[in-house]
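The basis for the numbers below is simple: all heavy atoms, side chains too, and nothing from hydrogens, waters or symmetry mates. Positions are given from 1 along the sequence. Numbering of ligands and ligand atoms starts at 1, following listing order.
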Amino acid sequence: MAMVNAFTAENLARLSAAEQALIKRRDKVLGPAYRLFYERPLHIVKGEGIWLFDAQGNRYLDAYNNVASMGHCHPKVVDAVTKQTALLNTHTRYLHESIIEYAERLTATFPAELSQVMFTCTGSEANDLAVRIARYVTGGTGIIATSLAYHGLTSAVAEFSPSLGEFVNLGEHVRTVAAPDSYRYSREDQMVKFGRDVEAAIADMKRHGIKPAMLIADSIFSSDGIVSDPKGFLKPAVDAIHAAGGLFVADEVQPGFGRTGETMWGFERHGVLPDMVTLGKPMGNGFPMAGLVVKPEIVSEFGAQARYFNTFGGNPVAAAAGAAVLDVIQGEGLQQSALEVGRFMLDALQDLSQEFKQIGDVRGTGLFIGVEIVSDRSNKKADADATTRIVNGLRERRVLISASGPSANVLKIRPPLVFSQANAELLLGELRETLLALRT
Ligand code: PMP
């Protein structure tokens with residue numbers, strides 16, 4: 001992936017001898033495709049709630065993790081997984097209550113139309129399955145995604161994941177559209193522009209003899225720079241793909257499971273109804289599980305013709321992890337807490353922008369926040385260099401965030417949902433210190 005916050009070998013000399021040795025061993029055996037975060041990579045050995053601990057026992061505030069979205073090693077999830085692992089782990093070709101019960105509980109959090117779920121192990125697999133179903137149902141092949149989207153790593157999905165970088169080719173049947181930019185366009189523009197761009201992409205496909213199968217969007221546009229508002233801007237785009245006979249797939253791998261605060265699922269904020277919804281990361285709070293939620297009429301024929309089996313997808317341990325995650329979200333009021341702590345953060349970041357002119361824009365919803373860093377507010381010029389310095393400056397202060405966006409200049413703040421107001425105050429204090437240090 002064209003990764004914003006990646007370690008490069010030029011920083012090797014800044015690391016301890018032990019860290020350098022570990023990187024060498026890693027490179028030797030894992031090969032060249034992997035990346036590490038931060039100029040000085042972290043060697044993390046333990047997680048607990050909102051905290052990560054390195055090999056020396058230093059504690060870091062994790063404001064970036066949405067896999068351990070209920071907090072690292074949440075005792076309820078650990079307990080559920082441990083008990084089920086000791087009892088039975090097998091696949092979905094035997095009758096077992098827990099997967100059915102979990103599927104019932106999960107689909108109950110969706111609009112009534114989205115009432116069936118198929119389980120996978122990764123978000124990539126869920127998106128791959130979405131492509132197969134969309135193509136089967138529509139008879140088309142064309143896919144529209146945003147210009148810096150990431151949807152996964154299978155060969156079909158990498159073809160519409162442009163954030164993998166210029167050397168990973170997009171499919172001939174793929175068209176990209178710019179994600180909405182609420183900082184540089186007016187609200188009115190936003191409400192029509194994305195839809196018009198999707199219409200243009202459909203028209204272009206048709207000119208090339210390609211029938212559209214689907215539009216896919218991450219409903220918080222995580223890798224495109226985080227775009228939450230204005231609410232409703234997805235609607236014209238969804239209408240356009242439907243009018244062209246294609247389906248709309250909401251990729252909820254990032255925004256799902258309460259993170260956006262106002263709603264359980266990101267697409268709901270926009271008042272649209274997807275044909276399929278893909279899920280991942282936080283679903284098992286670290287246990288690898290993912291899924292595809294679908295309208296029954298979309299999957300009925302495909303399901304009758306194409307047998308579905310995923311050896312590890314939907315196993316009893318996954319079902320136990322998933323159920324524990326739902327218990328925690330509901331029992332600990334994490335969606336509401338994400339909303340409240342998120343509002344506090346957004347307000348405080350707005351205040352900080354009065355003091356620091358590098359903060360061009362603050363946006364987001366719940367605990368998915370983007371802070372756009374610019375060198376000049378008058379022309380909104382992106383400042384990727386300052387962004388990297390802020391991300392690494394915070395890392396040195398033991399606060400972990402990252403960055404995203406087409407110009408690599410949007411601070412991406414996406415903590416586990418157990419992030420409290422006190423945690424937010426710590427982050428804000430360290431951010432202020434980091435910004436002050438940039439002035440010198
Ligand atoms: N969709 C989105 C929006 C993602 O962020 C990711 C992972 N970063 C995926 C899909 C793929 O999920 P996985 O890594 O579990 O395959």
Side-chain angles (χ1 to χ4, degrees), residues 1-6 33-37 64-69 118-132 134 143-165 168 174 176-177 179-180 214-228 234 248-257 259-260 265-267 269-270 274 276-293 310 312-314 318 321-322 325 364-368 370 401-406 410 412-416:
M1 200 180 313
M3 212 175 98
V4 180
N5 174 27
Y34 283 85
R35 304 288 183 274
L36 287 163
F37 273 160
Y64 191 62
N65 212 307
N66 78 333
V67 173
S69 214
M118 295 163 83
F119 291 103
T120 62
C121 303
T122 67
S124 301
E125 279 184 340
N127 283 326
D128 196 86
L129 183 59
V131 175
R132 287 179 61 205
I143 296 172
I144 303 170
T146 52
S147 18
L148 213 65
Y150 181 69
H151 294 294
L153 52 66
T154 70
S155 49
V157 179
E159 288 190 348
F160 58 94
S161 291
S163 81
L164 284 169
V168 179
V174 171
T176 60
V177 290
M214 66 189 237
L215 161 71
I216 183 164
D218 162 351
S219 46
I220 194 76
F221 299 88
S222 334
S223 50
D224 284 285
I226 304 163
V227 195
S228 50
L234 270 176
F248 172 55
V249 181
D251 182 331
E252 292 284 338
V253 169
Q254 295 265 354
F257 290 95
R259 174 163 294 280
T260 58
W265 307 107
F267 67 83
R269 293 184 66 251
H270 287 284
M276 292 186 266
V277 181
T278 52
L279 313 175
K281 290 181 189 270
M283 194 170 185
N285 203 51
F287 189 89
M289 62 184 296
L292 174 101
V293 178
N310 187 324
F312 297 107
V325 164
T365 176
L367 285 173
F368 217 130
I401 64 163
S402 195
S404 87
V410 182
K412 186 168 165 189
I413 305 176
R414 188 195 50 183

Query raised in the report: What part of T278, side chain from CB on, backbone N/CA/C/O, both or neither, has a heavy atom under 4.0 Å from ligand 1?
Result: neither

Requested in this report: Just let me know how D218 lines up against ligand 1, side chain, backbone, both or neither, with a heavy-atom cut-off below 4.0 Å.
Outcome: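 Under 4.0 Å from ligand 1, D218 contributes side-chain atoms alone.
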
Report task. Show your reasoning for whether side chain to side chain donor-acceptor pair (under 3.5 Å) applies to T120 and N310. Result -> CA-CA 6 Å; T120 62; N310 187 324; 5.2 Å; no

Query - Residues forming a ring-ring contact (aromatic ring centres under 6.0 Å, His included) with F119, sequence neighbours excluded - result: Y102

Query raised in the report: Mind checking what makes ring-ring contact (aromatic ring centres under 6.0 Å, His included) contact with F248, not counting sequence neighbours?
Result: none

Contact atoms of ligand 1, heavy-atom distance to [X] under 4.0 Å:
| X | value |
| --- | --- |
| N127 | 1 (N), 10 (C) |
| T122 | 15 (O), 16 (O) |
| S124 | 11 (C), 12 (O), 13 (P), 16 (O) |

**Report entry** Smallest separation among heavy atoms of G266 and E252, with atom names
**Finding:**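 Between these two residues, the closest heavy atoms are N-OE1, 2.8 Å.
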
Report summary line: atom 12 (O) of ligand 1: of G123, P288, S161, the nearest heavy atom sits on G123

Query raised in the report: atom 8 (N) of ligand 1: which of M283, E125, K281 has the nearest heavy atom?
Result: K281

Query raised in the report: Between the side chain of T278 and the main-chain N/O of A126, is any donor-acceptor distance below 3.5 Å?
Result: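 A pair under 3.5 Å: no.
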
Query - Any donor-acceptor N/O pair, T154 side chain to V157 backbone, under 3.5 Å - result: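 Such a contact is found between T154 side chain and V157 backbone.
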
Report task. Report yes if D251 has an N/O atom closer than 3.5 Å to an N/O atom of ligand 1; otherwise report no. Result -> yes

